[in-house]
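Note: hydrogens, waters and symmetry copies are ignored here, and every other heavy atom, side chains too, is used. To find a chain, count down the sequence lines: A is the first, B the second, and so on, and within it residues start at 1. What you see is a predicted model, and the numbers here were worked out from it, not measured in a lab.
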Number of protein chains: 2
Amino acid sequence: MAKETKISMAVIRRLPKYHRYLGELLRKDIDRISSKELSEKIGFTASQIRQDLNCFGDFGQQGYGYNVKDLYDQIGKILGLDKNYKTVIVGAGNIGQAVANYAKFEKLGFHLQAIFDKNPKLIGIKIRDIEVKDVDCLDTYLKENTIDIGIICVPKEHAQTIADIMIKNGIKGIWNFAPTDLSAPDDVIVENVHLSESLMILSYRLNESELFKE
Amino acid sequence: MAKETKISMAVIRRLPKYHRYLGELLRKDIDRISSKELSEKIGFTASQIRQDLNCFGDFGQQGYGYNVKDLYDQIGKILGLDKNYKTVIVGAGNIGQAVANYAKFEKLGFHLQAIFDKNPKLIGIKIRDIEVKDVDCLDTYLKENTIDIGIICVPKEHAQTIADIMIKNGIKGIWNFAPTDLSAPDDVIVENVHLSESLMILSYRLNESELFKE
DNA sequence: TATTACCTGTTATTATTTTGAAAAGTGTAG
DNA sequence: CTACACTTTTCAAAATAATAACAGGTAATA
């Protein structure tokens, strides 16, 4: 039975990693694993793994461990990967195209319905059989089609404008690649991918390890 | 004077955000700001901001606040953004090209020296005036050129192989876009960008807010 | 079927992180 | 020049998170 207490974000952030490792085990036809073994592969402590998994229910069995397929499915379900989401991408530049072509997303249940851009040179081209539409049609498109997730790949100057159009039309989640923080009501989930922050942290860690100290 | 205690990763992860907001203030010609004002913009508590900044030295002044330009530069320095890094990208697919074209990186001091791929259709094409080389030349190239950071944009099956070549040739940091965990010695810093983990967290949060509950 | 090694769920402990609040320095207005 | 408003630094408390310890089951084995 699932616990009623709120799951902390620290736990959630680890779930995709469990999911990934379990997927690998599955492909290797390994059908059971203990928290100890998993701990050695994944690098978290066994104690933490047990506690994390226990947040969601009694997945394991004493003296046996966890059933890989079961656990994989359960975590997938917790993450909402058993659902299907309709998505649109706004911004068909390099990042937009990269996201559009990232095949894995379809497999996770994210179905790309449309792509928008304002650049006339991009409007009309096809990416994965989807024709890039004029961003001016975004508002109308969202009114006529129910879309769950909007993916923002435009420059930061336009990101909030696009987000506002999405929000106005009832989008539920935004995956934001623009290097800015979007404002949105509480019932719209915004998940950011800030590449330059990641790069800055790499840079910090390089210097911290004193390789670059002069 | 900088404190001698080890700075926690929790603090480091917030630094890029401070840097970004301070950059915005700078562009608006705002030259001073208090932790309270910054807290309202950025969404952290004022207390946290003060404590974070105080980890690195006495940047603020009582009764005045922080000097924006000063703080921006200092944080940039802490993050190592005053240094220059030579980088190579391996994998000239969608993500590799997106990264190569992401102009911001040059501005942060990351200078792209070469791009490699194994696809004959990509070898020879030019991305930002840099010709894509055969990945078979990577090892030789790294021996003949001192490169600081390797950016891995290949499928996960090949990621470790590429990483090993980089490590063998003395690369100091790896920015990994492949959806896998790389093994590397402690003195090589690996920073991961796992897009699908970010997407899964978005998916989780959508379901958590019960919009998708059936 | 009894015994033993194994492993989880759970509780307790420790460490880390965040928040709060007192103490102290700075600038400004009168 | 003094008093006050402002804001940081620093220290303390509270909240979170991670780790360790342990009690209670399970499965394998003889």
Of B:Ser35 and A:Ala10, the one whose nearest nucleotide on DNA chain D sits closer to the 5' end is B:Ser35
Exercise answer: donor-acceptor pairs, residues 150-159 of chain A side-chain atoms, under 3.5 Å, sequence neighbours excluded:
none

Integer-rounded Å distance: C:dT16 P and B:Lys6 NZ
10 Å
How close or far is atom C1' of D:dT10 from atom CG of B:Asp58, stated in whole angstroms?
11 Å
Could I get the full list of ring pair (Phe, Tyr, Trp, His ring centres under 6.0 Å) partners for A:Tyr204, not counting sequence neighbours?
none
Go through residues 40-53 of chain B and report each residue with a non-hydrogen atom lying under 4.0 Å from DNA chain C, sorted by number.
B:Thr45, B:Ser47, B:Gln48, B:Arg50, B:Gln51
Rounded to whole angstroms, how far apart are CE on A:Met9 and P on C:dT17?
18 Å
Round to a whole Å and report the spacing from CG of B:Asn67 to C1' of C:dT26.
15 Å
Partners passing side chain to side chain contact (heavy atoms under 4.5 Å, CB included) against A:Tyr64 (at least two apart in sequence or in another chain):
A:Arg32, A:Gln61, A:Asn67
Round to a whole Å and report the spacing from CG of A:Leu38 to P of C:dG9.
13 Å
Within the 4.0 Å heavy-atom criterion, would you say A:Arg14 contacts the bases, only the backbone, or no part of the nucleic acid?
sugar-phosphate
B:Trp175/B:Phe105 aromatic ring centres below 6.0 Å:
yes
Report yes or no: do B:Tyr85 and A:Ser203 form a side-chain donor-acceptor pair below 3.5 Å?
yes
At under 4.0 Å, does any side-chain N or O of B:Asn54 touch on OP1 or OP2 of D:dT10?
yes
Residue pair B:Lys83 / A:Asn207, side-chain donor-acceptor N/O under 3.5 Å
yes
Side chain to side chain contact (heavy atoms under 4.5 Å, CB included) involving B:Glu40 - partner list, sequence neighbours excluded:
B:Lys36
Round to a whole Å and report the spacing from CZ of B:Phe56 to P of D:dT9.
13 Å
Is there a side-chain contact between B:Tyr66 and the phosphate of C:dT26, meaning an N or O under 4.0 Å from OP1 or OP2?
no
Hey, are A:Arg20 and B:Glu197 close enough for a salt bridge, meaning a charged N less than 4.0 Å from a carboxylate O?
yes
Heavy-atom contacts, protein to nucleotides 25-30 of chain D, under 4.0 Å, summarised as B (base), S (sugar-phosphate only) or - (none) per nt, yield BBS---
Under a 4.0 Å N-O cut-off, is there an ion pair linking B:Asp187 with B:Lys172?
no
